[in-house]
Each structure stands twice: as structure tokens, then as C-alpha cells.
J.: 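Take a look at the following structure, please.
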Number of protein chains: 2
Amino acid sequence: MKQAKISEAVVRRLPIYLQVLNELYNREVQTVSSQELGLKLDLNPAQIRKDLAYFGDFGRKGIGYDVSYLIEKIQQILKLDQRINVALVGAGNLGHALCNYNKYSKDNMKIVAVFDDHQNKIGTMINNLTILPMDKLKETVQENNIRIGIITVPGPEAQNVANQFVEAGIEGILNFAPAILRLPEHIRIHHADFTRELLSLAYYLEKERNEQENGAVVD
Amino acid sequence: MKQAKISEAVVRRLPIYLQVLNELYNREVQTVSSQELGLKLDLNPAQIRKDLAYFGDFGRKGIGYDVSYLIEKIQQILKLDQRINVALVGAGNLGHALCNYNKYSKDNMKIVAVFDDHQNKIGTMINNLTILPMDKLKETVQENNIRIGIITVPGPEAQNVANQFVEAGIEGILNFAPAILRLPEHIRIHHADFTRELLSLAYYLEKERNEQENGAVVD
DNA sequence: TAGATTGTTAATCGATTAACAATC
DNA sequence: TAGATTGTTAATCGATTAACAATC
């Protein structure tokens, strides 16, 4: 309802709610109940209600939630109602992919600057953005009110890039590099390192496809 | 120590341990304590010890953990000691990026087939892989013992691709598309949808302005 | 031996779920 | 009104952390 300490688990579910709500909106569904959302997302309806109730009374008893109203509210909570400028370092394939995503995004987060330190890339274009050299990072971040930095460089370079982002005054970092980063307390960092997801996925595979008698791990 | 129910939270930390251990290994560090790991990863040392103890007695009292031994053990736990073949659908920039990663990976997970349904892409190469049409998916998966599928197509196509993976007999899916997927119970799905990370990151911006510390708000 | 650090049990903390009065 | 569904409190479940005997 009011200000309580919102746990990270709750915040991480908000974008998921937003995703399914957008799908409903596109199908012109007006109203949805926590039960229906729970079914779609494999979540407990009570959890969904509780999550949303941290931020306000968005639903109507006996009715459910108005889809477009709830979308609007969650966008506000996630600060997507304000323009948030993003910079990206690392103009490889992954960097390209993220910049492309830009074009289709209808929310207010935009990659507004791309950096790389390879001479052959500097000055070339990704979509409508010119790739800039790293020594332009700080001034660009500051002049354009850039608040989030995305790192798509190889692992060993990631810490260095992160440091430069911090130095430039960024508030949050989204890191795609397979690396552990050390950052000051006040910088928020999220990881989008797909190797983590891929390796943990492997854990859940069946024991062995080829039935080759792996002795139980006992010593 | 033995077989207990391992929680997902534990499994998701294993790749992170592996990452930091690999860094230590590269710096030729022989031994590491849970305390040191905890410092690097911002995790409680007791948690790290407990996580590892689910799978065996890997450490030595008074000494710590042997880095290369622990790497080996975690790789076994994650099934990285066996070859795991992966297929990827969606040969865009993101697909390219993941295939490139392949080259540098020294573990046993490999993307061995790439699919796309755009005529202009079919037959062209990514690294050493020829892009195949979707109607070759099932036979390729089955003939090559492919167990994991990666989805890097646009959101609206993702469910369809997922269905085809399931049909082909895949065990797990890593989904990069911004979409909610419905899948049978027995299929493990992990999300690498960066929009989720990016939107939840936005939530944490601008903390400073909200810093007005109003104590216990009760009504 | 003295110091360090594990593996593990017990205590704490936090998150999820159930239940239900309020109410549309 | 009767049926549905919220917001919220209380109960449950699970995960994290502290503490410490065992031992290298």
C-alpha cells in the first residue's frame, strides 16, 4: 500500500507482469484477475496481488485489474514514464542486436550513444548512431544525461569499461560480459550474462543420455 | 553432503562460483577460502560453504578450497564434463553473437546447428555452421543428440519456435525473446531476456531523490 | 601447538501461500 | 442479491546467516 521495503524479488517480477499485460492489451483484453495472471505465469495469485499492493490499490474487488491502467501504473513504478538515456560500450554483434531492439521499443529507454575502441569501428554507424571512441565517453554521458550503461565487450575488458562508466557518473550498469565486476556501493548492477543461464540450465538436464553408469558421488 | 533437494537459488550461484574460480585459476591462485570468495562476490561465506556442501566435501578445514579441484567438481555438477549439444534458432545479430561466443568457450557446451527461416539467410555460414531451414530442425536435433535449444527470434515468433523444439525432443530452452512461453512441465526453460533486467534496473535509478527517509509509515 | 577454515546444526530472517473480510 | 475477486493478515515454508565443534 504505502512505502514498505520492496524486495528485489518483487521488483524483478514487475517487468514480467508488464510483458504479459502488454500481450493482453494487444489482444484487446480489458480486464484480468490475479488468478488468470497466475495461470499464465505459473505464479501464485496471492503473490501477484501482494506484489501489486505494495505500490497501490490497482484492482477492483469482484472485477480484477484493468489491463491498460495496470500497464500504466507498472510503467510508472519502473520509471518508464520518464525518458531514460542509455549508453552502450562494445559495438560487436551483441551491441548491434541491442541497438536494433531500440528501434522497436516503444518505451522511454533509449540507447543514445555507442562506444568502441577499435579504430575500424569508430565513425561507422549502427542504425542512426555513430560509434564513438572511448575517450568521448565521459563528456557524452554528462552532456546527454545518460544514466544507464550497457557493457557488451569481452570479459577481460568489462571491469575497465565499468570503471569508466562509474567515473562518468552513470547510475546503473547492465553487464553482458562474463565477468565479476567490482563497483562502488551506490552503483546498481544487473547481469545479463547468458553463460550463467546456460550453465545453470545444464544442471537440470537428464543425467546422461547415453546411460553410462555414473557412480554416485559418495566418498 | 548427500542428495538433498537442491534449491534453484543454489544452482544459480554455481556458475558464478565457476566464473570467479576460473579467474583465480588464470591468476594461478592455488587455494581460496569461502571468506575470500564471499568478499569477491558479495555473498556470505557460510552460504558459499553450504552451497558447496550440498554436493560433497570439497574443502579442507583450516586451508580452504583447492581452486582447480573445485572447478572440476562444479563442472561435474553442472554436467559440463560431458558434451552437450545446443541448437540455435534465429540467425540475427544476437544469434551471431552467441555463435561467436562458441569459439572462445572452453567448456563442453557447443552450438552445433543454427536455423532461420529467412530465405536470404539459409545456406549462408556463421563461423563454421551453415544456416539451415526450420524444416530440418527435428531431424537435426535427433541425429545430433541436441539437448538444449536457444531462441533468438523476435518475440511473436518465440512460442512457435519453442513448440518445434519441444516436438523435436529438446530437454531445455534458453529464451532470449521478450515473450512468455507456455511449455510442457518436463521442459526446463531459462530466460535471458535482457529487457527484464533493463526494466528492473530502471526501478533502482534515482534513489537519491527518494532519499527523504520517512520512518515507519503506518496508517 | 595455535591459527585458520571447513561442514553442519540451530537461529534468524524473509518470502510465499492460505484464508477471509470487504466490496464491486 | 449472489458470485467474484481484491487487499491484507496470519500461517507456512524456505533460504540465509550465525555459531561452533572438528580438524587441517
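Chain naming here is simple, since letters A, B, ... match the order of the sequence lines and numbering starts at 1 in each.
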J.: In this structure, which stretches of DNA chain D are paired as stems of three or more consecutive Watson-Crick or G-U pairs, both distances less than 3.5 Å?
T.: C:3-24 with D:3-24
J.: Just how far, in rounded Å, is P of D:dT6 from CZ of A:Phe55?
T.: 17 Å
J.: Taking only side-chain N and O atoms of B:Ser34, does any of them lie within less than 4.0 angstrom of OP1 or OP2 on C:dT6?
T.: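 Looking at the OP1 and OP2 atoms of C:dT6, one of them is under 4.0 Å from a side-chain N or O of B:Ser34.
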J.: Consider the side chain of A:Ile63, meaning its heavy atoms from C-beta on, and name the nucleotide among C:dT6, D:dC24, C:dC24 that approaches it most closely.
T.: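 Closest of the options to the side chain of A:Ile63: C:dC24.
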J.: To the nearest Å, give me how far apart OH (A:Tyr65) and P (C:dC24) are.
T.: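 After rounding, the gap between these two atoms is 14 Å.
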J.: Can you tell which of C:dA19, C:dC24, C:dT6 lies closest to the side chain of A:Arg60?
T.: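 The nucleotide sitting nearest to the side chain is C:dC24.
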J.: Any side-chain heavy atom of B:Asn175 within less than 4.5 Å of one from B:Asp193?
T.: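 SC-SC contact between B:Asn175 and B:Asp193 ruled out.
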J.: Please confirm whether the ring centroid of A:Phe194 lies under 6.0 Å from the ring centroid of B:Tyr101.
T.: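 A:Phe194 vs B:Tyr101: aromatic centres under 6.0 Å.
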J.: If every non-hydrogen atom of A:Arg182 is compared with every non-hydrogen atom of B:Asp42, which pair is closest and at what distance?
T.: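 Looking at all heavy atoms of both residues, the closest pair is NH1-OD2, 3.7 Å.
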J.: Would you give a per-nucleotide map of nucleotides 9-16 of chain D, 5' to 3', where B means the base has a protein non-hydrogen atom under 4.0 Å away, S means only the sugar-phosphate does, and - means neither?
T.: B-----SB
J.: Check the distance between D:dT6's P and A:Leu70's CG and give it to me in whole angstrom.
T.: 11 Å
J.: Does a side-chain heavy-atom distance below 4.5 Å link B:Leu80 with B:Leu18?
T.: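 Heavy-atom side-chain distance check passes, below 4.5 Å.
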J.: For salt bridge (Lys or Arg N to Asp or Glu O under 4.0 Å), just list the numbers for B:Glu23 and B:Lys40, CA-CA rounded to whole Å, side-chain angles, deciding distance to a tenth of an Å, and then say yes or no.
T.: CA-CA 11 Å; B:Glu23 282 178 14; B:Lys40 281 182 185 296; 5.9 Å; no
J.: Below 4.5 Å, heavy atoms only, C-beta onward: do B:Ile111 and B:Leu98 meet side chain to side chain?
T.: yes
J.: How many Å lie between CG on A:Asp57 and P on C:dT23, as a whole number?
T.: 11 Å
J.: Does B:Lys73 qualify as a cation-pi partner of B:Phe55, given the criterion of NZ or CZ under 6.0 Å from the six-membered ring centre and within 45 degrees of its axis?
T.: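 Relative to the ring axis of B:Phe55, which defines the angle, B:Lys73 lies outside at least one limit.
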J.: Between the side chain of A:Glu167 and the main-chain N/O of A:Lys138, is any donor-acceptor distance below 3.5 Å?
T.: no
J.: A:Leu43 or B:Gly64: which one's nearest nucleotide on DNA chain C is closer to the 5' end?
T.: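 In this pair, the answer is B:Gly64.
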J.: What's the CG-C1' distance between A:Leu37 and D:dT6, to the nearest Å?
T.: 13 Å
J.: So if I apply the side chain to side chain contact (heavy atoms under 4.5 Å, CB included) rule between A:Phe165 and each of A:Leu183, A:Ile151, A:Ile150, which one comes out positive?
T.: A:Ile151
J.: Check the distance between D:dG7's P and A:Leu52's CG and give it to me in whole angstrom.
T.: 8 Å
J.: To the nearest angstrom, how far is B:Lys61 atom NZ from D:dC24 atom P?
T.: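 In whole Å, D:dC24 P and B:Lys61 NZ are 7 Å from each other.
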J.: Rounded to whole angstrom units, what separation is found between the CZ atom of B:Arg49 and the P atom of D:dA18?
T.: 11 Å
